[in-house]
Amino acid sequence: MIIICFALTISFILYCHFLIQQMVKENDSKTIGDSLSPNNPTSDHYFSSVFELIPDLELESEPKRLFLNFSEEDALSSFTSHLLAALQKFRITVFTYDNVLQRGDHISTSLSSAIGESKIFIIVFSKNYANSRRCLDELEIIVNCGRTIGEVVVPVFYHVAPTEVRYQKGEFGISFQSFLNKTSNKVELELSWRAALRRAASIAGFLILNSRNESEDIKRIVDRVVHLFSLKPSSSTPMPSISTGEQSIEQEAFRRSRHGRKPILRLDPTSNSVVLDPNPNPVSNPESDPVLDPVVSDPKSDPDPESKLKPERVRIHDVFLSFRGEDTRSSFTSHLYAALKNFGIKVFRDDNELQRGDCISTSLSHAIEQSRISIIVFSKNYADSRWCLNELEKIMKCQRTIGQVVVPVFYHVDPSEVRNQKGEFGRAFESLLNRILNEVELALNWKEALRVAAGLAGFVVLNFRNESDAINDIVENISRLLDKTDLFIANYPVGVESRVRDVIQLLDIQRPNDVVLLGIWGMGGIGKTTLAKAIYNRIGRNFEGRSFLANIREVWEQNVGPVDLQKQLLFDICKETKTKIQNIESGKSILKGRFFHKRVLLILDDVNTFEQLNALCGSRNWLGSGSRIIITSRDMNILRGNRVDQIYKMKEMDGSESIELFSWHAFKQASPREDFAEISRNVVEYSGGLPLALEVLGSHLFELGLAEWKCVLEKIKRIPNDQVQKKLKISYDALNDDTEKEIFLDIACFFIGMDRNDVIHILNGSELFAEIGVSVLVERSLVTVDDRNRLAMHDLLRDMGREIVREKSPKEPEERSRLWFNNDVLDVLSEQTGTKAVEGLALKLPTTDEKCFSTKAFKKMKKLRLLQLAGLQLDGDFEYLSRNVRWLSWNAFPLKCIPSSFYQGNLVSIELVNSNVKHVWEDPQRLEKLKILNLSHSHYLTQTPDFSNMPNLEQLVVTDCPKLSEVSHNIGDLKKILLINLENCIKLQSLPRSIYKLKSLQTLLLSGCLLIDKLEEDLEQMESLTTLVANNTAIKRVPFSILRLKSIGFISLCGYEGFSCEVFPAIISSWMSPTINLPFPFQTSAAMSSLISLHVTSSSSHELSSFSKQLPRLRSLCVDCNSEDQLSLDAKIILDALCATNSKELESTKTTSQESNMTTSKLIQYDNPMSVPGSKHSPKSLLIQMGTNCQVANILKEIILQNIDGNGNGGCFLPSDSYPNWLTYSSEGSSLTFEVPHVEGRNLKTMMCIVYTSTLDNVTSSGLKNMLVINYTKATIQLYKSEALFSFEHEEGQRVVSSIEPGNKVEVVFVFENDFIVKKTTVYLVYDLNAIACNDENERPVKRFSTEDEPTDDFNQKRKKKSRVE
């Protein structure tokens, strides 16, 4: 009985063995191409054919000849032409069908000759490829050459799947069948063509299917061809690269496995790289070869249920290395192990990592579980080791259960031998099986593990002449899988993503052959390094090498810092550690030689000297084509000129970003806790959108109580946080010399909000060379200059500067160089403790708290240069004031004149605003250095001072002096005067004739001088005059001599009676057409030929009609009307004039006559052209943005640009209302009327207009000619020429929006060329949060030409603008 049982058992085993052998034979009988799925055109299994070897090559180094086979119907003008050009750049001789045929020559003869000379063939399969007999004949010859003489065939599947080519299915098959239908009695040819298609489609190649970037696809093909030409005989095909996309494959796979999803590792056909399959449940394909299916089993089927209960395993090792010791320990594996270790990868190798006394199976099991990646080195005798197969089984189990990444390496064995246990590998496995006949289940487990492992994408090392190249490929790709090269960005990367997108757009990745340099510029702590790291992580893998050199400024200062940076750069890009760099100069040569042919991403962080740039990247010629270099710096001078192609200017975080980032650090959530909401806003406001401050302060306040928060907030307003202070002070310490530091401290303490030129004058009085100094501060991101030329500074930089001053003498303010804090100044003045250390003093008190001090308090302040007072009186002799004072700013000056005992010889600027002076000096002094005199709002001033003692005066500002009735006649002696502002001097009746002799005067402002009734003909003598504003005066006559002014750029004469109908048409005509033959006095020079902006007041339609013909040629026109009726008439005149211009262009008068009888609202309908019968029109859309840019506007614009409807249907995909961020108004046609709503807590910031038109296909222009903004509530009209809209100056765009207020009824009208049909107009009104006013008592902005109480006059804001000519 026992014998019978034993015999049955042996029979069963032999039968099972027979079945297994049959299965192996069946699977082995299939070619690699059999695994292709005809029903799944994007089957990834096709690319498993990369395990098949390209035949041995016998290529000569010269010449490099290649044959390109393609269908001209599909790809000649697009893909193939670019591929051909790219190949020729590498001096590869390319034969194609159109350059090998000679006239009269039979195709087969020429082709045979070309193919015979070629060493590599590229076949571009496309949809209509099989519809060409030439293509099929060429293919047959090429495939036969590849089979018989070993030439290399590289198929490219362009918009067709390999399965479609192999089985002649889909669109490819339809094309082939169409060709066959036209070819009769060619059965033998058909069979040979089908065989050629089947064989060619089985060769590893390139799939270009729905590619986003064909240029990158072409680059991969060319790189492959160049590599093939460089190979020596018997070389094999390296495996494809392995990449991770945006994150670690192991991390994502593990995340998926924990959520019950399949961690699927596939070979991406578009990038030829290993990636995670985004589809967790792929549809199985019955025609796919199950042996090659790389899909990992579902973790739910884990036979070990306890694995679900085990805690998350700690990953101690990066890589577990499984190998057969007797095959590779002392050769391949030892080199691979060393290379991985040198790259910083922690490797577990089972022959030297086990602790003594440990059970080997337990230690190995834990080591495998605790590794992120397992590398299996399959060699000839691998399967002869039970130890190795047990490791393999455990590894594959970890892949199934915890998503471990497995990378097979086939060392001198073919993947099919491992998969099917054939050849020498199979004989070794058979040898082991013969030794364990009683362990059938174990044998089956091993077979399954071998089958699955061999079906994974990996590396083939077969007949490699240089194994080090294969090892480098493996190490590089393992490092990518481990994500070892990515940089830590931030715990809470708020706002980073949008900025990354902006910078990547500037990098212009689509320029593959150019080396692009980009600078990121901004103040310290604003996030330059964080942004650069994010970009490095995002795009770094697209380059052959990448390097991020951090903290260059700091490292450079160390003894061997420069050389260390060069060494790091060499290692990052080339992984070289043996090359010795002796000094900076030798390093330059080495770097240039190593990087010349490499496409790299290089980020140089915190560069502050040219020497650093020269040593690390002396020139863009150091790097290969397609490289990108990013430089972060606080110093704009580093980035100027042609050193970089683009500069990205970092901006502070907006309100929502700031509160979110702060909240993550302070509360570990995205928004503040309810009871901390208000004080959080105060902290965020103090931080001023600076990420560094938000992070530091948020972390500092974490888990503190409300009372502690209040205490911290009060403290940091006086004494800045130490961490923030140190970071910001780096820029200050890096300033070149003491004068630049002095200028910075002066601005931080006294000059924020003041005009840049004024400050330069004052500081130059102290011999600080301020022109250069202020420019340096701007370039170093320490100071900014706004669009009104006023100095600004981030609040934290201001506090940093003030803290530098305070920390010099924390306990004794009188020993500080500058005093600005009211309490400190009050103590010094009341105690009279001032010392010679004090150089600047500011004390600004409210008028309700006026104080009086003795002048003796200034007695010891001998070095006092800057004195700013408000709301106080000084009693005593003014001789105690320093003789070194350069700037005297005294708001509400209490005396009737400046005391003669006060020495004023060094004064550069005197500002006595809201003063009590009747006459400035009783005993005038010679003021050689005085450049600025501001007596605005001095309500008792009766006459201007004697100007003969001020030979260098440049600015005279005497606004709102109601008793001023006389201007001194010697004002004509001011040879250097640039600005005279006499606005709102209501008793001033005339100007002295001498004023017209001022050849240097650029700006003359007379608005509100109600009694001035004329300007003299002598006005033409003011040869430098660029701006003349005389609104609301009694002027009835404009001198004709104004036509001869060469430099005039802006004139505003609104609100006076007696419009000069003869003069203004002539003015405009002379500006528009300088060559026109005008009678005297209208003759003018060619210097006045530019377009002009004009602001007028209309009291009757006749006035506007007098120069209506010139309206279309004005850059801009602003008209203030007296009534709504007048508004309608003037709007009609303007529209008539614009439409008449359009009509003349088409030589049509009919339209004009019809339009002239219509109302304003209907006139705009004639801006639409009459469509031409039988013409074909194409839709167009136009987006115009005006106003102040803000985050909401940027978001809306991005949404609009992504969704704008390009089919002419009127923008049905445009965003609707998003209250309170934006409101939308739409209307058919070219005009739109709406009422501006009031949005609580928000201001109107931006207006966006989208206009949908259609026109003939051959018209390429936008068609827009003019835009009108008619405000019915304010009775104003603004007209802008298209040139003004497309190049809107910041001020012009703001003017349009600022003139629109809540409750206003507004109509927007667009005028287009006559061959445009306007279909629809949409307007977005964008609102943003109100700006929070600064409560700092020392930071009240200084206004030069108006008080804080008077309304803003848009024209008055341009006082210093040199020209308004456009």
Side-chain angles (χ1 to χ4, degrees), residues 488-506 520-535 632 634 647-672 676-702 713 716 720-721 723-725 727-728 731 781-784 786 792-800 1188-1198 1221 1241-1243 1245-1246 1326-1334:
F488 174 74
I489 299 175
N491 288 322
Y492 309 106
V494 177
V496 173
E497 180 60 29
S498 62
R499 292 165 174 82
V500 168
R501 289 197 301 268
D502 293 341
V503 174
I504 290 177
Q505 186 174 3
L506 291 177
I520 300 178
W521 174 73
M523 63 180 289
I526 202 168
K528 300 183 297 296
T529 301
T530 300
L531 176 59
K533 287 179 179 179
I535 296 166
T632 75
R634 305 182 185 201
I647 296 178
Y648 181 79
K649 298 180 180 179
M650 293 290 296
K651 294 182 179 179
E652 296 84 0
M653 287 182 146
D654 61 30
S656 60
E657 291 174 333
S658 297
I659 198 71
E660 181 182 353
L661 180 60
F662 174 76
S663 298
W664 279 117
H665 287 275
F667 307 105
K668 307 307 175 187
Q669 60 188 37
S671 59
F676 283 82
E678 183 177 354
I679 195 169
S680 294
R681 284 193 293 271
N682 293 336
V683 177
V684 167
E685 179 190 345
Y686 166 79
S687 301
L690 193 69
L692 170 68
L694 293 165
E695 294 174 6
V696 170
L697 295 177
S699 301
H700 179 67
L701 295 170
F702 177 58
L713 186 58
I716 60 178
N721 178 275
Q723 284 181 264
V724 178
Q725 177 79 3
K727 182 74 173 181
L728 297 180
S731 297
S781 311
L782 290 170
V783 170
T784 60
D786 66 14
M793 183 181 290
H794 194 283
D795 289 351
L796 296 180
L797 288 172
R798 175 202 64 194
D799 293 348
M800 178 268 290
T1188 304
N1189 208 11
C1190 60
Q1191 186 193 24
V1192 177
N1194 291 334
I1195 293 172
L1196 175 60
K1197 185 176 181 180
E1198 184 174 348
N1221 296 315
R1242 291 180 178 248
N1243 289 332
K1245 293 288 186 181
T1246 306
V1326 182
Y1327 292 80
D1328 202 3
L1329 294 172
N1330 292 331
I1332 303 175
C1334 180

**Q** To the nearest 0.5 Å, what is the distance between OG1 (T784) and NZ (K649)?
**A**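 That separation rounds to 11.0 Å.
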**Q** Residues in side-chain hydrogen bond (donor to acceptor under 3.5 Å, both in side chains) with H700, at least two apart?
**A** none
**Q** Under 4.5 Å between any side-chain heavy atoms of L701 and F662, yes or no?
**A** yes
**Q** Which atoms form the tightest heavy-atom contact between F667 and F702, and what is the distance?
**A**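 Nearest heavy atoms, F667 then F702: N-CD1, 4.5 Å.
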**Q** Is any side-chain heavy atom of E685 less than 4.5 Å from a side-chain heavy atom of D795?
**A**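 Not touching, per the 4.5 Å side-chain cut-off.
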**Q** Any non-hydrogen side-chain atom of Y686 less than 4.5 Å from a side-chain atom of P720?
**A** yes
**Q** Just jot down the side-chain hydrogen bond (donor to acceptor under 3.5 Å, both in side chains) partners of Q725, sequence neighbours excluded, or say none.
**A** none
**Q** Which one of I520, T632, I526, I489 satisfies the side-chain contact (heavy atoms from CB on, under 4.5 Å) criterion with L531?
**A**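 Of all the options given, the one that passes is I520.
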**Q** Which distance, rounded to the nearest 0.5 Å, do you find between the CE of M650 and the CG of L690?
**A** 9.5 Å
**Q** Take N491 and W664 through the test side chain to side chain contact (heavy atoms under 4.5 Å, CB included) and record every step on the way to the result.
**A** CA-CA 9 Å; N491 288 322; W664 279 117; over 6 Å; no
**Q** Could you tell me whether the side chain of P691 reaches within less than 4.5 Å of the side chain of M653, counting heavy atoms only?
**A**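 Yes, their side chains come closer than 4.5 Å.
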**Q** Measure from the ring center of Y492 to the ring center of H665 and say whether it is less than 6.0 Å.
**A** yes
**Q** With a 4.5 Å cut-off on side-chain heavy atoms, are N1221 and L1196 touching?
**A**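 Sidechains of N1221 and L1196: no contact.
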**Q** What closest approach, in Å, do L796 and S687 show between heavy atoms, and which atom pair accounts for it?
**A** CD1-O, 3.5 Å
**Q** At their closest point, which heavy atom of A693 faces which heavy atom of V724, and how far apart are they?
**A** CA-CG2, 4.0 Å
**Q** Is it the case that more than 12 heavy atoms not belonging to K668 sit under 6.0 Å from its NZ atom?
**A**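 Yes, enclosed.
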**Q** Hey, is CD on E678 packed in by over 12 heavy atoms from elsewhere, all under 6.0 Å?
**A**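 For E678, atom CD is not crowded (no more than 12 foreign heavy atoms under 6.0 Å).
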**Q** Only one of M800, Q723, H794 clears side-chain contact (heavy atoms from CB on, under 4.5 Å) with L728; which?
**A** M800
**Q** I would like to know whether M523 and L782 meet side chain to side chain contact (heavy atoms under 4.5 Å, CB included); could you show each step before the answer?
**A** CA-CA 7 Å; M523 63 180 289; L782 290 170; over 6 Å; no
**Q** For a 4.5 angstrom cut-off between non-hydrogen side-chain atoms, does L713 reach I679?
**A**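 Sidechains of I679 and L713: in contact.
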**Q** What residues, two or more places apart in sequence or in another chain, satisfy salt bridge (Lys or Arg N to Asp or Glu O under 4.0 Å) together with D786?
**A**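 Result, salt bridge (Lys or Arg N to Asp or Glu O under 4.0 Å) vs D786: R790.
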**Q** Just to verify, what does N721 make a side-chain hydrogen bond (donor to acceptor under 3.5 Å, both in side chains) with, not counting sequence neighbours?
**A**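 So N721 forms no side-chain hydrogen bond (donor to acceptor under 3.5 Å, both in side chains) with any residue.
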**Q** Over all heavy atoms of both residues, which pair between G689 and S658 is shortest? Give the atoms and the distance, please.
**A**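 Scanning both residues, the minimum pair turns out to be CA-OG, 3.5 Å.
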**Q** Would you please name every residue forming a salt bridge (Lys or Arg N to Asp or Glu O under 4.0 Å) with E652, sequence neighbours left out?
**A** none
**Q** Would you call E657 and K651 a salt bridge, using N to O less than 4.0 angstrom?
**A** no
**Q** Just verifying a value: how many Å separate S680 OG and I659 CD1, rounded to the nearest 0.5 Å?
**A** 5.5 Å
**Q** For residues 523-534, which residue pairs qualify under side chain to side chain donor-acceptor pair (under 3.5 Å), counting only residues two or more places apart or in two chains?
**A**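 Applying side chain to side chain donor-acceptor pair (under 3.5 Å) to every pair that reaches into residues 523-534, excluding sequence neighbours, yields T529-D605.
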**Q** If I compare all heavy atoms of V1326 with all of A1193, which pair ends up nearest, and what's the gap?
**A** CG1-N, 3.9 Å
**Q** Which pair of non-hydrogen atoms, one from Y648 and one from R499, has the smallest distance, and what is that distance?
**A** OH-CG, 3.4 Å
**Q** In sequence, state the C-alpha distance, the side-chain angles, and the governing distance for R634 and S781, and then conclude on side chain to side chain donor-acceptor pair (under 3.5 Å).
**A** CA-CA 6 Å; R634 305 182 185 201; S781 311; over 6 Å; no
**Q** Quick one: does D654's side chain have a donor or acceptor within less than 3.5 Å of a partner on S656's backbone?
**A** yes
**Q** Side chains of L661 and E695, heavy atoms from C-beta outward: is any pair under 4.5 Å?
**A** yes
